[in-house]
Amino acid sequence: MRSIIILAAAATLSACGLDAASSAATAAALKKQELEQGKKTMNQAQQKIGQSMDQLQQSQQSREDAAK
């Protein structure tokens with residue numbers, strides 16, 4: 001009887017460990033996904049900034065050419 005209780009307790013505790021490991025893996029996967037999305041958003045923002053800077057330079061060059 002005692003060994004059945006010990007086995008049941010061990011099975012319950014190991015199930016808790018698996019659940020915690022599964023939750024940690026899921027959380028890690030979500031964090032990785034968030035990080036990748038953040039990098040993608042940052043790259044898009046940098047591209048837009050670069051395009052805006054190019055347009056500004058072209059506009060400034062046009063004004064300088066018109067002033068000559």
Side-chain angles (χ1 to χ4, degrees):
M1 180 71 173
R2 181 177 176 186
S3 59
I4 292 174
I5 293 172
I6 292 173
L7 286 174
T12 302
L13 291 175
S14 67
C16 289
L18 290 176
D19 185 40
S22 175
S23 295
T26 302
L30 288 173
K31 286 291 183 187
K32 181 181 177 188
Q33 207 171 28
E34 288 175 8
L35 184 63
E36 289 172 355
Q37 185 62 36
K39 286 180 181 179
K40 184 177 178 182
T41 301
M42 186 175 74
N43 287 337
Q44 290 172 343
Q46 287 175 338
Q47 287 177 352
K48 287 181 181 180
I49 291 169
Q51 290 171 350
S52 295
M53 292 298 293
D54 290 343
Q55 288 175 350
L56 182 63
Q57 288 175 349
Q58 289 173 359
S59 174
Q60 186 176 12
Q61 186 65 43
S62 295
R63 278 187 248 140
E64 288 176 2
D65 291 344
K68 289 182 182 179

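Below, all heavy atoms of this structure are taken into account, side chains as well, without hydrogens, waters or symmetry copies.
Going from atom CD of Glu34 over to atom CD of Glu36 covers 11.0 Å, rounded to the nearest 0.5 Å. To the nearest 0.5 Å, the span separating CZ on Arg63 from CD on Gln60 amounts to 6.5 Å. A distance of 6.0 Å separates CG of Leu56 from CE of Met53, quoted to the nearest 0.5 Å.
A 6.0 Å sphere centred on CD of Gln33 holds no more than 12 heavy atoms belonging to other residues, nucleotides or ligands.
No side-chain N or O of Asn43 forms a donor-acceptor pair with one of Gln47 less than 3.5 Å apart.
No donor-acceptor pair under 3.5 Å is formed between the side chain of Ser59 and the backbone N or O of Gln55.
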